Amino acid sequence: MLNAEVAKIFRQLAIYEDMENEFFRARAYQRGAEALEALAEDVKEIYRRGWLKALEEIPGIGGSLAEKIEEYLKTRRVHTQEQFKKKLPLNLEELYAVEGLGPKTIKLLWEQLKIKNLKDLERAARLGKIATVPHLGEKTQEKILRAITFVRQTGDRKLLGAVLPLARALEERFRRLPGVTEAVVAGSLRRRQETIGDIDLLVVTTKPKLAHETFIKMPEVIAVKAHGAGRSEVRLSLGMDADLRVVPPESFGAALQYFTGDKQHNVELRKIAIAKGLKLNEYGLFREKKLIASRTEAEVYRALGLDLIPPEVRTAAGELAAAKNHALPRLLPYGSVRGDLQIQTKWTDGVSSLEEMARAALALGREYIAITDHTRTLAMTGGLDERGLARQAKEIDALNTKVVQGKFGDKNKKFRVLKGAEVNILKDGSLDIDDAALAKLDIVAAAVHTNMKMPRPEMTRRIIKALQHPRLHILFHPTGRLINKRPPYEVDIREVIKAAKKYRVALEVNAFPDRLDLKDEHVRLAVAAGVKLVINTDAHAPEHLRYLEFGEATARRGWATRGDVLNTLPLNKLLEVFRKKTIIG
DNA sequence: GCCGTTTTCGGCCCGACTGTTTTCAGTCG
């Protein structure tokens, strides 16, 4: 995917244009970069489909940017960027990542001290040279040194699953504080984005000073970055920043909307306000000086002629138009997945026994689970062969008998353990377990675990071949990515979605925090194509069973409804769907 | 440089905090 590469160049051009005081041109490059990053399709494909014209149809890309994309596709270079680089030979990627450094300061440091990269910057700061530059001083120099340290030790954004528990703890902590009536985490956390850059906590209180004092003295705080009357900002020991904003109760809705974002959604929302002769900011929606709406988010959206848009889909990807036409889908409610269909046990690479996993799932209110240990060719996990699956089936039968006899959990509660497997898709697209053994399972799922570096056409063919298998019900983690660790397989996801529809195979939304695979955009493509989804945790330990909500969040971000997700069904209905597919073929 | 139920020219989201400088530019979200 070249989108990210071109986007990076556009971001650099934006910085260079800012240095030249060409602010609007800079913004155009920025928006172009954002447009490319948000694109699910490869620009290379778009270009092949309709040349320059197709590129220009991307919102935010006009003639000039389209030509630069074309130039990059053909030569892997962009002349304009090279011109700038000749004039100002800076490592912008490094310098711009240093917090507090923007285009103007970077340019100033180049002109005054010939600083062109992070190393130069650090040396100059240590020697005390930065404090001697006009308009800069001691404090700026110290700030830069701290920011360099931060840049070196963090880097990646944190996983949603790693941050949400702390965010919830903060909400709880502040809700218990005297004077506080609201404490909500906004930002990318509230939108349940897959990775999180910082924590934005929004508080309504009669004692703002107490809230700010409490905030900057939290045990997790390692440094205070800002401390004002309305806003404080701290650095947390887990390697990210947190923001506290205290707002008055009458503007809570407007503030929550504003700080939830995302940025592009807010920009578009504000344009809608302007078109109606109104002004929207974090204090409310105004006509001239007159306040029109501010107390709740719903009130603000309604006053703009829109239905309330759930935070997860505020991505400037059609949700505003849908809200205007009352055409937003009713997103999958949290907690509506009834059963978890991917669970590993001690039989292979899980850490707990089958029974322990079952008990934990039951305790969380699941109505059914599928045990899906790995199969034979995955030697490193001790994958099960046909005989192993048969032995495991006996253990599952025994467990289900105990449930029926009321000897397992609450006998009034329904619970069932299904026989499944995470079958390995071999290099040629065949499955590594024979048909007779697959026929004995309640649920057959398959996934790619080996030969992950195949060229795109071959990998696509391989997965589609697997989808054609008459006994296959689910494709697990369809793209194989591990967030911040491993890129997805080279695979044409659109073709996979088409094939999943044709052969009636469900696609998994794997809820494990570093997978979230399918990802939100792909969920949306699948939903639009009418492909059914399944949300599973991929639990390898009892505590992983709680991850379901991250999968539900990802499905919501992809506009999925209850009807799109098979494991929201009661067990008998779910099995009926799977059986039908097998009988008809 | 992009874009159009205000416009093919003239707009482009908006406010808080910081630091350095004495009234505001730069950065950030």
Side-chain angles (χ1 to χ4, degrees), chain A residues 10 13-35 55-69 80 95-109 130-144 146-147 186-189 191 196-202 212 224-234 241-247 251 254-255 257-286 305 316 321 324:
Chain A
F10 285 172
L13 284 170
I15 299 169
Y16 279 127
E17 294 291 357
D18 260 331
M19 290 176 175
E20 307 284 321
N21 289 326
E22 292 285 350
F23 302 117
F24 293 117
R25 195 175 292 170
R27 185 169 300 165
Y29 279 123
Q30 253 170 43
R31 290 185 45 198
E34 281 157 17
L55 292 175
E56 284 182 43
E57 276 166 23
I58 304 168
I61 305 290
S64 170
L65 267 64
E67 277 174 21
K68 290 186 174 70
I69 295 172
T80 314
L95 293 174
Y96 200 66
V98 176
E99 193 171 17
L101 287 194
K104 296 299 169 64
T105 316
I106 292 174
K107 189 180 186 197
L108 184 66
L109 287 169
I130 288 175
T132 67
V133 176
H135 302 290
L136 305 180
E138 287 287 342
K139 284 198 171 175
T140 306
Q141 184 165 279
E142 280 167 31
K143 210 169 111 184
I144 285 173
R146 282 198 304 272
S188 52
L189 271 160
R191 300 196 311 274
I196 306 297
D198 61 6
I199 300 177
D200 295 300
L201 181 63
L202 204 61
H212 282 291
V224 178
K225 294 177 55 190
H227 182 32
R231 171 171 182 252
S232 294
E233 192 180 7
V234 297
D241 291 344
D243 252 40
L244 171 72
R245 288 182 169 87
V246 173
V247 299
S251 56
Q257 194 292 314
Y258 181 90
F259 292 114
T260 296
D262 73 3
K263 197 172 151 193
Q264 203 50 41
H265 174 91
N266 281 2
V267 168
E268 291 195 9
L269 194 64
R270 230 161 283 153
K271 281 185 188 161
I272 292 173
I274 291 167
K276 290 178 184 290
L278 306 172
K279 192 177 85 160
L280 179 66
N281 60 27
E282 60 262 55
Y283 301 106
L285 183 66
F286 300 86
K324 188 178 168 192

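Predicted model, so just to flag it, every value in this text is computed and none were measured. In what follows, every heavy atom counts, from backbone to side chain, and hydrogens, waters and symmetry copies are set aside. Sequence lines set the chain letters: A, B, ... in the order given, protein chains first and strands last, and positions in each chain run from 1.
When heavy atoms are screened at a 4.0 angstrom cut-off, K279(A) is found touching the sugar-phosphate backbone but no base atom. Within 4.0 Å of E138(A), counting heavy atoms only, lie sugar-phosphate atoms of the nucleic acid but no base atom. Residue-level contact check: A229(A) touches the backbone only, with heavy atoms under 4.0 Å from sugar-phosphate atoms and none from bases.
No side-chain donor-acceptor contact under 3.5 Å links Q30(A) to the backbone of A14(A). Proximity of a side-chain donor or acceptor of D18(A) to a complementary backbone N or O of N21(A) within less than 3.5 Å is not detected.
As rounded to whole Å, 12 Å separates atom P of dC14(B) from atom CG of L269(A). Nucleotide dG19(B) holds its P atom 12 Å from the CG atom of L136(A), rounded to whole Å. The nearest whole Å value for the distance from the CG atom in L108(A) to the P atom in dG19(B) is 17 Å. Counting to the nearest Å, the C1' atom of dC14(B) and the NE2 atom of H265(A) are 16 Å from each other. With rounding to whole Å, I144(A) atom CD1 is found 14 Å from dT20(B) atom C1'. For the pair N266(A) CG and dG15(B) C1', the interatomic distance rounds to 13 Å; values are reported in whole Å. Following rounding to the nearest Å, L109(A) (CG) and dG19(B) (C1') show an atom-to-atom distance of 15 Å. The distance from atom CG of N281(A) to atom P of dA16(B) is 8 Å, rounded to the nearest whole Å.
Residues passing the side chain to side chain donor-acceptor pair (under 3.5 Å) test with D243(A) are R231(A), R245(A), sequence neighbours excluded. With sequence neighbours left out, the side chain to side chain donor-acceptor pair (under 3.5 Å) criterion links S64(A) to K68(A). For K225(A), the side chain to side chain donor-acceptor pair (under 3.5 Å) criterion is met by E99(A), E233(A), D241(A), not counting sequence neighbours. Remark: H212(A) engages S232(A) in a side chain to side chain donor-acceptor pair (under 3.5 Å) (not counting sequence neighbours).
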Mark up nucleotides 2-11 of chain B, 5' to 3', with B wherever a protein heavy atom is under 4.0 angstrom from a base atom, S wherever such an atom reaches only the sugar-phosphate, and - elsewhere.
-> SS--------
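Proximity of T140(A) to the phosphate of dT18(B): no side-chain N or O atom is located under 4.0 Å from OP1 or OP2.
Spacing of P atoms, dT6(B) relative to dG1(B), comes out at 27 Å, to the nearest Å. For the C1' atoms, the distance linking dT8(B) with dC2(B) amounts to 12 Å, nearest Å. dG29(B) and dT21(B) have their P atoms separated by 24 Å, with the value rounded to a whole Å. Rounded to the nearest Å, the gap between the C1' atom of dA25(B) and that of dT20(B) is 10 Å. Taking atom P in both dC17(B) and dC12(B), one finds a spacing of 25 Å when rounded to whole Å.
Counting heavy atoms from C-beta outward, R31(A) and V267(A) have side chains that stay 4.5 Å or more apart. Considering only heavy atoms from C-beta on, L109(A) stays 4.5 Å or farther from L95(A) through its side chain.
Note that OG of S188(A) is 9.0 Å distant from CD1 of I199(A), once rounded to the nearest 0.5 Å. To the nearest 0.5 Å, the span separating OH on Y258(A) from CG on L202(A) amounts to 12.0 Å.
Summarising the base pairing, dT8(B) is matched to no nucleotide, lacking a Watson-Crick or G-U wobble pair whose two defining distances lie under 3.5 Å.
Residues Y283(A) and E17(A) both approach DNA chain B. Their nearest nucleotides, taken by heavy-atom distance, put E17(A) toward the 5′ side.
Comparing atom distances between the K139(A) side chain and each of dG19(B), dG15(B), dG1(B) picks out dG19(B) as nearest.
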Give me, pair by pair, the N or O atoms of the protein and of nucleotides 25-29 of chain B that are less than 3.5 Å apart, along with how far apart they are.
residue : atom : partner : partner atom : Å
dG26(B) : O3'  : T105(A) : OG1          : 3.3
dT27(B) : OP1  : G102(A) : N            : 2.7
dT27(B) : OP1  : G102(A) : O            : 3.0
dT27(B) : OP1  : T105(A) : N            : 3.0
dT27(B) : OP1  : T105(A) : OG1          : 2.4
dT27(B) : OP2  : K104(A) : N            : 3.4
dC28(B) : OP1  : G100(A) : N            : 2.6
dG29(B) : N2   : Y258(A) : OH           : 2.7

